[in-house]
Amino acid sequence: MESIETYQTLNAPSDEVLYKEKGSKFYGYAFPVESEADVKLHLEALRKQHVGAVHFCYAYQIGTEQITFRANDDGEPGNSAGMPIYGQIRAFSLTNVLVVVVRFFGGVKLGVGGLMSAYKLAAQMALEQAEIIEKTITVQFSLAFDYPQMNKAMRLIKENNFQIIGQNSDLRCQLLIEVRKNAAGLIDQIFTDYSGISVVRID
């Protein structure tokens, strides 16, 4: 199985879009998310924004190798809302994304087919409004060493284009570095040749 090195997600939340069908209004939103806690925050904010709405249907996908996803119909007939929304996340080849469609009922029932079409189109419109970007999958490592090894450690980090994302200097130096996934297997080889530098992967 080929290893995945990059993934597509959203750069920022999309602009609000509106799709109308037989009096019902479907407001579509797309958000970049990193966790289910992010999903909950966006849903709570939308419920406060749209107090009179009947349904807050959504779908999300999180992760690159271990995928977590959910499709929620929020009271609409089974699979008439959440799955069409999730289908658009898949169609755009995205992950770490939440799409929410908020419905205001217009007095005319649309039927399952009409609902599926409306939720799909509102989700599609929201994703079309968003800026899609490609991100590199990275892995984090903690390096620990005594001060005499500082120059050696910094030289190795620079030579291999690793990124320092955190630093703690107490009795020993500790650096948190981020590396491309395809270079993660080389970390031990790069640093363990030098005594005094310990490496721990952060999962």
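Along the sequence shown, residues are numbered consecutively beginning with 1.
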Pair Glu76 + Arg103: basic N to acidic O under 4.0 Å: yes

In this structure, would [X] and [Y] fall into the same cluster of hydrophobic residues linked by side-chain contacts under 4.5 Å?
{"X": "Met116", "Y": "Val54", "answer": "no"}
{"X": "Tyr7", "Y": "Ile133", "answer": "no"}
{"X": "Ile202", "Y": "Ile187", "answer": "no"}
{"X": "Val17", "Y": "Phe92", "answer": "yes"}

Nearest heavy-atom approach of Ile62 to Glu34 is CG2-O, 3.6 Å

Evaluate the side-chain proximity of Leu110 to Glu21: yes if any heavy-atom separation is below 4.5 Å, no if none is. yes

Checking the side chain of Asn96 only, and the main-chain atoms of Gly63 only, is there a donor and an acceptor separated by less than 3.5 Å? yes

Just by modelled atom types, is the Gly82 backbone N or O under 3.5 Å from a matching donor or acceptor in the Asn72 side chain? no

For Ala30, what residues pass the side-chain contact (heavy atoms from CB on, under 4.5 Å) criterion, not counting sequence neighbours? Leu10, Ser14, Val99, Ala126, Leu127

Output the distance between atom CZ (Phe26) and atom CG (Leu18), rounded to the nearest 0.5 Å. 10.0 Å

Reported CG-to-CD1 distance for the pair Leu98 and Ile89, which is rounded to 0.5 angstrom: 7.0 Å

Is the His50 ring parallel, tilted or perpendicular to the Phe104 ring (thresholds 30°, 60°)? perpendicular

